[in-house]
Amino acid sequence: MSGVTRSGVTSEDGIKIKVEQVYKIFGPRAPAMLEQVRGGMSKAELLEQTGHIVGICDVSLDIRAGETFVVMGLSGSGKSTLIRHFNRLIEPTAGRILVDGEDVLAMGPEALRAFRRGRASMVFQRFALLPHKTVLDNVIYGLVIGGAGKAEARDRGMQQIELVGLGGFENKYPSQLSGGMQQRVGLARALATDAEILLMDEAFSALDPLIRNDMQAQLKELQARLHKTIVFITHDLDEALRLGDHIAILKDGALRQAGTGAEILLNPADDYVARFVRDVNRARVVTIGAIADRDGADRGGAAGLRSDGRGFSGAACIDEKATLEEGFAMLAECDGPAIVTDEQATPVGIVTRKAVLQALARP
Amino acid sequence: MADSFPELIDTRALRIALDEGFDWVVVNYGEPLEIGFLPVLRLLTGMERVLQWLPWYVVLAALCALTYLAARSWKAAGGVAAMLFLVGLTGIWDAAMATVALMLVATFLAVCLGIPVGVGMSRSDSMQSITLPVLDIMQTMPIFVYLIPFVMLFGPGKIPALLATVVFAIPPVIRLTNLGIRQVDAEVIEAVTAFGATPRQRLLTAQIPLAMPTIMAGINQTTMMALSMVVIASMIGAGGLGYQVLQGIQRLEVSRGLLAGLGIVFLAIIFDRIAQAYGRRMQQHLHIGS
Ligand SMILES: Nc1ncnc2c1ncn2[C@@H]1O[C@H](COP(=O)(O)OP(=O)(O)OP(=O)(O)O)[C@@H](O)[C@H]1O
Ligand SMILES: [Mg+2]
């Protein structure tokens with residue numbers, strides 16, 4: 001391994017995973033097809049003319065350390081293909097993937113195994129548990145093949161099992177658990193190796209809505225404690241908006257837009273993204289902070305709103321983290337603009353009813 | 001008379017060349033080969049002696065216990081006991097034990113060789129595309145053809161009989177090992193790889209265990225094929241029940257052939273039952289399937 005020390009070291013700019021112009025074409029003569037794809041041939045045309053399938057087309061991404069990065073897209077848009085590049089289950093036809101500044105594609109077999117054992121773990125859409133092993137043995141699988149002592153691995157495994165709320169089930173077999181429980185085993189297995197990167201390929205898609213809600217909440221809570229870098233794949237926009245610090249939208253293997261949920265909702269990059277996000281209930285997703293007029297704090301002062309230490313007389317205060325929906329009641333009460341505050345109750349901007357209505361209007 | 005097929009090449013010369021080539025192998029390597037296979041011969045004769053030395057009721061009890069352990073059914077165990085009792089009653093116990101010994105040793109060798117070959121095939125598409133037609137040939141070639149080279153190499157006796165049986169019986173275990181491993185859920189294999197398993201760890205912790213029910217079905221078929229080969233193998237000195245059948249043919253004694261034939265059928269049923277029940281239990285134990 002290079003001079004990079006392992007745990008938690010990121011390149012100075014805080015980028016954990018850097019994807020540079022990655023292409024993946026499936027088929028026997030993939031490298032030869034690259035020229036045509038670069039020249040702008042579409043996925044459908046390439047398939048029609050050569051029988052090769054474009055999996056990923058010129059994707060570049062920066063994923064920051066400690067964030068939850070969601071990749072979205074319809075079925076067949078290349079989400080699974082993309083995430084499998086990060087731990088090199090799939091090799092790109094062209095492009096680079098850097099983790100902590102280190103080129104994943106340049107790793108030899110030994111280094112790659114060390115990377116997979118210690119630095120990136122994965123949760124699978126269809127759980128992919130070993131049916132002949134107990135819950136505990138599944139959870140500690142990564143540790144055991146990495147050469148950890150049995151006793152130590154067991155301790156760590158039991159902790160993870162408790163963490164995901166499966167205490168008491170450690171000696172059951174996967175077939176004896178419900179889908180939601182199996183996926184929690186998958187999550188515990190991924191958490192057990194204490195990797196900084198968690199790759200989750202449609203981890204919750206196979207679950208029914210109620211359990212899915214629980215799992216999303218559980219993941220958010222875990223993330224607040226553990227600060228992993230999570231790459232989360234979903235085709236469900238609500239899930240993406242709920243979990244993602246940043247969201248990338250793929251279509252036919254190409255990146256259409258990447259940004260925060262609010263950015264994508266409020267400024268969709270193109271028609272496709274706009275149609276994609278059209279039916280979302282914005283009021284539940286967009287935060288007051290995202291539409292606040294940041295220069296407004298001073299103007300608010302100029303408008304005669306004065307702080308008396310406890311708040312602003314004559315104006316309502318809204319937390320910037322509140323969703324629009326949560327702000328409705330407050331805005332309905334006051335005639336003028338409302339003050340937007342951060343956690344310390346310091347004003348950071350103002351928001352008006354007009355701004356809220358504009359944000360709610362469909363593009 | 002219609003035109004006969006034109007003689008484009010001199011087949012006689014070709015055949016002579018083939019035969020001479022093989023003769024050369026026999027002359028030069030016959031002895032070292034025979035010495036090399038001595039341990040196998042010892043294994044076979046040792047097995048045969050032990051089975052024939054053991055009192056009949058011990059063998060009967062052991063097989064019943066095995067059946068009960070595998071099937072958890074008194075009925076199955078009782079059936080096995082009845083069939084073995086009949087075998088003893090008709091006076092072919094020793095011959096049956098010789099046959100069982102040959103079958104067990106042949107199966108053992110076939111499994112030891114077949115599983116690694118099957119694993120290799122599952123890993124490489126090119127090896128699979130070479131091996132599959134060879135297996136097809138092995139399974140369609142008339143059984144007697146196998147006997148010729150082995151008899152030439154070793155002379156009539158137990159070793160050529162055993163080796164011909166192994167060659168005849170090995171295809172199913174190879175095929176089904178390959179198939180079983182290839183059928184393992186791709187996402188599970190991906191998961192195992194994603195957690196940093198070496199190819200060896202992947203094989204031992206995921207592929208082989210998950211392919212086990214299929215591999216067991218292959219072993220079961222191999223056992224049955226080994227048993228069906230014993231009649232033919234007896235022609236070159238394997239002894240056992242097959243020899244009784246052969247004698248029945250030579251002396252035109254229907255009774256002798258029939259009794260020995262029934263003995264073979266009983267053995268087949270017994271070992272098939274045990275192997276299948278064992279396969280089911282393993283599937284349950286592995287929590288694979290329903
Ligand atoms: N091994 C493969 N060989 C050939 N084509 C493939 C292979 N894997 C994926 N593809 C193709 O690449 C494209 C992207 O597939 P991918 O599985 O990444 O989609 P996805 O976005 O994960 O879809 P889903 O939501 O259904 O899981 C598809 O057109 C698919 O046909
Ligand atoms: Mg997918």
Side-chain angles (χ1 to χ4, degrees), chain A residues 80 83-84 86-90 107 109-135 137-148 171-177 182 185-186 189-190 192-193 195 197-202 206, chain B residues 70 115 118-119 122-129 176-177 179-219 276-290:
Chain A
S80 299
I83 203 172
R84 277 161 174 70
F86 298 159
N87 58 356
R88 220 172 120 190
L89 286 177
I90 295 181
M107 291 179 184
E110 217 24 76
L112 181 60
R113 272 199 290 278
F115 171 74
R116 287 169 172 167
R117 284 175 182 176
R119 291 165 63 195
S121 57
M122 194 157 177
V123 183
F124 290 82
Q125 179 169 4
R126 288 181 300 121
F127 321 139
L129 302 175
L130 291 163
H132 61 294
K133 289 186 185 286
T134 61
V135 167
D137 285 337
N138 265 291
V139 170
I140 63 176
Y141 183 81
L143 298 171
V144 170
I145 61 166
N171 293 322
K172 294 271 181 287
Y173 285 86
S175 59
Q176 298 169 316
L177 306 183
Q182 289 186 44
V185 177
R189 173 173 72 175
T193 59
I197 299 173
L198 203 53
L199 305 171
M200 305 181 73
D201 184 2
E202 303 208 28
Chain B
I115 289 186
V119 168
S122 72
R123 286 196 184 180
S124 138
D125 284 341
S126 53
M127 180 164 167
Q128 174 176 253
S129 57
L176 288 171
T177 301
L179 187 72
I181 291 180
R182 281 176 185 266
Q183 277 177 343
V184 172
D185 183 357
E187 217 183 22
V188 171
I189 298 307
E190 251 185 343
V192 169
T193 311
F195 280 95
T198 61
R200 194 188 153 81
Q201 286 172 328
R202 194 162 61 210
L203 187 71
L204 296 180
T205 62
Q207 289 172 318
I208 296 260
L210 295 182
M212 213 54 204
T214 314
I215 297 176
M216 275 304 291
I219 295 177
Q276 279 198 17
Y278 189 68
R280 268 197 302 276
R281 280 199 77 71
M282 184 156 57
Q283 201 156 343
Q284 266 170 22
H285 173 72
L286 290 176
H287 296 265
I288 304 168
S290 49

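In the text below, chain A, chain B and the rest are named by the order of the sequence lines, each starting its count at 1.
Closest heavy-atom contact between A194(B) and R116(A): O-CB, 3.3 Å. Across I145(A) and G196(B), no two heavy atoms sit closer than the pair CD1-C, 3.7 Å. Across all their heavy atoms, R113(A) and P199(B) have their closest contact at NH1-CD, 4.1 Å.
Contact tally against chain B (heavy-atom pairs below 4.5 Å) for M122(A), R189(A), K133(A): the top residue is R189(A).
Applying the side chain to side chain donor-acceptor pair (under 3.5 Å) test to S126(B) and every residue at least two apart in sequence or in another chain returns S124(B). Taking Y173(A) as the reference, H287(B) meet the ring-ring contact (aromatic ring centres under 6.0 Å, His included) condition, with sequence neighbours excluded. Remark: T205(B) pairs with Y141(A) by the side chain to side chain donor-acceptor pair (under 3.5 Å) rule, at least two apart or across chains.
Near-neighbour residues of residues 182-191 of chain B relative to chain A, defined by a heavy atom under 4.5 Å from a heavy atom of that chain, comprise D185(B), E187(B), V188(B), E190(B), A191(B).
Contact of L129(A) with chain B is made through the backbone alone, with heavy-atom distances under 4.5 Å. Looking at Q125(A), both its backbone and its side chain come within 4.5 Å of chain B, counting heavy atoms on both sides. Within the 4.5 angstrom heavy-atom criterion, no atom of A195(A) approaches chain B.
Here the CD1 atom belonging to I140(A) is positioned 12.5 Å from the CZ atom belonging to F195(B), to the nearest 0.5 angstrom.
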